[in-house]
Amino acid sequence: MSRWQKHCLLELRLVLGNVFLAALPVLYAGIYLGVMLNIAGSPEPDVYSQMYEFNAFAHTLTLGPAMWLGILTVRRDIRRPSFEWNRSLPVSFHMLLSAKYAVGQVYMILFTIPAAVTFYAVSVAQSIDQSVALRHALNLALQYEISYLVTFALAMLLGVCLQNRMVYLIGFCAWMFGTFFMDIFSHPADGAVIPQNLSFKSVLCGQYRAGRRELGI
């Protein structure tokens, strides 16, 4: 086993050793499943549309933990005196950061898999063709992972460049403005033509609308 792989295992133990971080994917999976089953059992005619909309909202929320974890993993080693022993390990700074990035993506998969599996299972239960449901579930999983790749990289960059705890507030603002608040500016007002792809959430909503059109809903 290489030094990089050993350090990845160390980082993974540190992440999962945090009770809150270990419980968060389980909590998310339970809430996601409960809401999806509640939507599937509702008498509304546009059940699949509601599933898409809730998935977009839930996905946006998961970008918050991705931002927080990216900042936390960097500051844990660089800013805390209790982790100075980590600097004596025989790994370069680039290897250290790459291990943290890889472990962060592995951790975020714990959010992607339950969402994709639940979406597929509930879609099939709603009489959607299995091949169509699988294609849409994989598409959602891909969108999850791409957003996590970008968000985690930005969070680690903030953690490296900013020294004080204000980095957490800046990261929070970046998450909120880049997801929720950008939609406010992506809608035309007073006849103005504003591009609808200004935020990642807008792109997701466009993908979801295209998916619903394909399914005829």
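If you read the sequence from its start, that first residue is 1, and numbering goes on from there. Treat the numbers as computed from the prediction; the structure is a model and nothing was measured.
Taking the side chain as every heavy atom from C-beta outward, Met156 and Leu97 approach each other to under 4.5 Å. A heavy-atom distance below 4.5 Å is not found between the side chains of Leu33 and Pro114. Using a 4.5 Å heavy-atom cutoff, the side chains of Tyr148 and Thr62 are in contact. Between Phe57 and Leu61, some side-chain heavy-atom pair lies under the 4.5 Å cut-off. Within the 4.5 Å cutoff, the side chain of Phe172 has no heavy atoms near those of the Trp68 side chain. Within the 4.5 Å cutoff, the side chain of Glu145 has heavy atoms near those of the Ile109 side chain. Counting heavy atoms from C-beta outward, Val103 and Val15 have side chains that approach closer than 4.5 Å. Within the 4.5 Å cutoff, the side chain of Tyr120 has no heavy atoms near those of the His136 side chain.
Closest non-hydrogen pair, Pro25 versus Leu110, comes out as CB-CB, 3.7 Å. Residues Gly171 and Ile71 share a closest heavy-atom pair of CA-CD1, 4.0 Å. Among all heavy-atom pairs drawn from Gly64 and Trp175, the shortest one is N-NE1, 3.3 Å. Among all heavy-atom pairs drawn from Gly70 and Ala155, the shortest one is CA-CB, 3.7 Å. What you find for Ala133 and Val124 is that their closest heavy atoms are CB-CG2, 4.1 Å. The two residues Arg75 and Leu162 make their nearest non-hydrogen contact at NH1-O, 4.0 Å.
Atom CZ of Arg135 is separated from atom CD1 of Ile128 by 11.0 Å, given to the nearest 0.5 angstrom. To the nearest 0.5 Å, atoms CG (Leu72) and CG (Leu14) are separated by 10.0 Å. We find the CD-CD1 distance between Gln126 and Ile39 to be 10.0 Å, quoted to the nearest 0.5 Å. The CE atom of Met176 sits 10.0 Å away from the OG1 atom of Thr60 when rounded to the nearest 0.5 Å. Note: Gln130 CD to Ser123 OG = 11.0 Å, rounded to the nearest 0.5 Å. Atom SG of Cys173 is separated from atom CE of Met166 by 8.0 Å, given to the nearest 0.5 angstrom.
Between the side chain of Tyr101 and the main chain of Leu149, a donor-acceptor pair closer than 3.5 Å is present.
Linking ILVMFWY side-chain heavy atoms closer than 4.5 Å, directly or via other members, places Leu69 and Val19 in two distinct hydrophobic clusters. Leu169 and Val160 are members of different hydrophobic clusters when ILVMFWY side chains are connected at heavy-atom separations under 4.5 Å. A single hydrophobic cluster is not seen to contain both Leu157 and Met67; linkage of ILVMFWY side chains at heavy-atom distances under 4.5 Å, directly or through other members, places them apart. Note: the hydrophobic cluster containing Leu37 also contains Leu140 (ILVMFWY, side chain heavy atoms under 4.5 Å, direct or indirect links). There is no path of hydrophobic side-chain contacts, each under 4.5 Å, that joins Val150 to Leu154.
A side-chain donor from one of Asn55 and Tyr144 sits under 3.5 Å from a side-chain acceptor of the other. His59 and Ser147 form a side-chain donor-acceptor contact under 3.5 Å, judged by distance and modelled atom types alone.
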Working for side chain to side chain contact (heavy atoms under 4.5 Å, CB included), residues Phe152 and Thr73: CA-CA 10 Å; Phe152 207 82; Thr73 54; 4.3 Å; yes

Derivation of the side chain to side chain contact (heavy atoms under 4.5 Å, CB included) call for Glu11 and Leu96: CA-CA 9 Å; Glu11 290 290 340; Leu96 179 70; 4.1 Å; yes

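Between Tyr28 and Tyr32, the gap from one ring centroid to the other is short of 6.0 Å. A ring-centre distance under 6.0 Å is found for Tyr52 and Phe119.
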